[in-house]
Amino acid sequence: MGDNSDQAHTKKNKQFWQSHSKYMADISNFMQIHRNWRDWTKNSRKGFFPVFTPDFSAISKDVSGNAIKLYLFLGANSDNQAGYTLISVETMAQHFETNTRTVHNWLKELKDNKMILRVQPGFKQATFTFLLPYHNEFLSTVYGNKLANMITAYNEGIEVKNVEERELLRRIEEYEMVKDLF
């Protein structure tokens, strides 16, 4: 019996595996990544939120139509500068006239296909839902696999190694300096 309760306790607390300040730092990083993505798409003359690109088609091919509708809803309700929305699952369910379990399933589809990232910095705090960059060229040239590692860590509830976080921050700053030259 002790093993089962310990297991349940560990699983329940797995959701918050970092300190609040680390979550907030990561949220700030994801906001900067979104701004960089917007700037990159503008400078390279690629469409930003309009999802009519081959890269979007490639990542969305295994996603249901309703999950795509949710993605479009999230995009339409996201902060254009920071790339996130704080809309609750309940509000999403009301908008689509469905139940919260269905919305959670759609969100899982989007997360599994690396289209969104959801970060809740603490218990009973609003969840940040980020639209993730989907241009492969942007991801590979600006962030390499560091952003993918960070997203995987969040989706699996594993603490991101400090070295990777520092490297990602360095790449963000490096991109900012290069972008300022143009």
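- The nearest pair of heavy atoms linking Tyr23 to Val119 is CD2-CG1, 3.8 Å.
- Closest approach of Ala126 to Pro121, counting heavy atoms only: O-CD, 3.4 Å.
- No side-chain heavy atom of Leu86 sits less than 4.5 Å from a side-chain heavy atom of Thr127.
- By the 4.5 Å heavy-atom criterion applied to side chains, Gln120 and Phe128 are not counted as neighbours.
- Taking CG of Asn36 as the reference point, atom CG of Asn29 lies at 10.5 Å (rounded to 0.5 Å).
- Between Phe30 and Ile33 the shortest side-chain heavy-atom distance falls below 4.5 Å.
- Taking the ring-ring contact (aromatic ring centres under 6.0 Å, His included) definition, one finds that His95 meets it with Phe73, sequence neighbours left out.
- Taking the six-membered ring for Trp and the full ring otherwise, Trp106 and Phe96 have centroids separated by under 6.0 Å.
- A heavy-atom distance below 4.5 Å is found between the side chains of Leu131 and Tyr71.
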* Taking it one step at a time, do Val63 and Leu110 satisfy side-chain contact (heavy atoms from CB on, under 4.5 Å)? -> CA-CA 7 Å; Val63 179; Leu110 296 173; 4.0 Å; yes
List the steps, then state whether side-chain contact (heavy atoms from CB on, under 4.5 Å) holds for His104 with Val89. CA-CA 7 Å; His104 279 290; Val89 171; 3.7 Å; yes
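- A donor and an acceptor atom, one from each side chain of Glu109 and Asn105, are nowhere located under 3.5 Å apart.
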Pair Leu132, Met115 - check side-chain contact (heavy atoms from CB on, under 4.5 Å), show working. CA-CA 5 Å; Leu132 295 175; Met115 296 173 74; 5.9 Å; no
- Does the pair Leu107 and Leu74 meet the rule for a side-chain contact (heavy atoms from CB on, under 4.5 Å), with working shown? CA-CA 10 Å; Leu107 289 168; Leu74 294 170; 4.3 Å; yes
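- One finds the OG1 atom of Thr102 at 9.0 Å from the CG atom of Asn66 (value rounded to the nearest 0.5 Å).
- Annotation: side chain to side chain donor-acceptor pair (under 3.5 Å) contacts of Gln94 (sequence neighbours excluded): none.
- A distance-only check finds a donor-acceptor pair linking the side chain of Thr85 to the backbone of Asn77 [under 3.5 Å].
- Annotation: the span from Thr129 atom OG1 to Lys111 atom NZ amounts to 9.5 Å, rounded to 0.5 Å.
- Counting heavy atoms from C-beta outward, Ile68 and Ser60 have side chains that approach closer than 4.5 Å.
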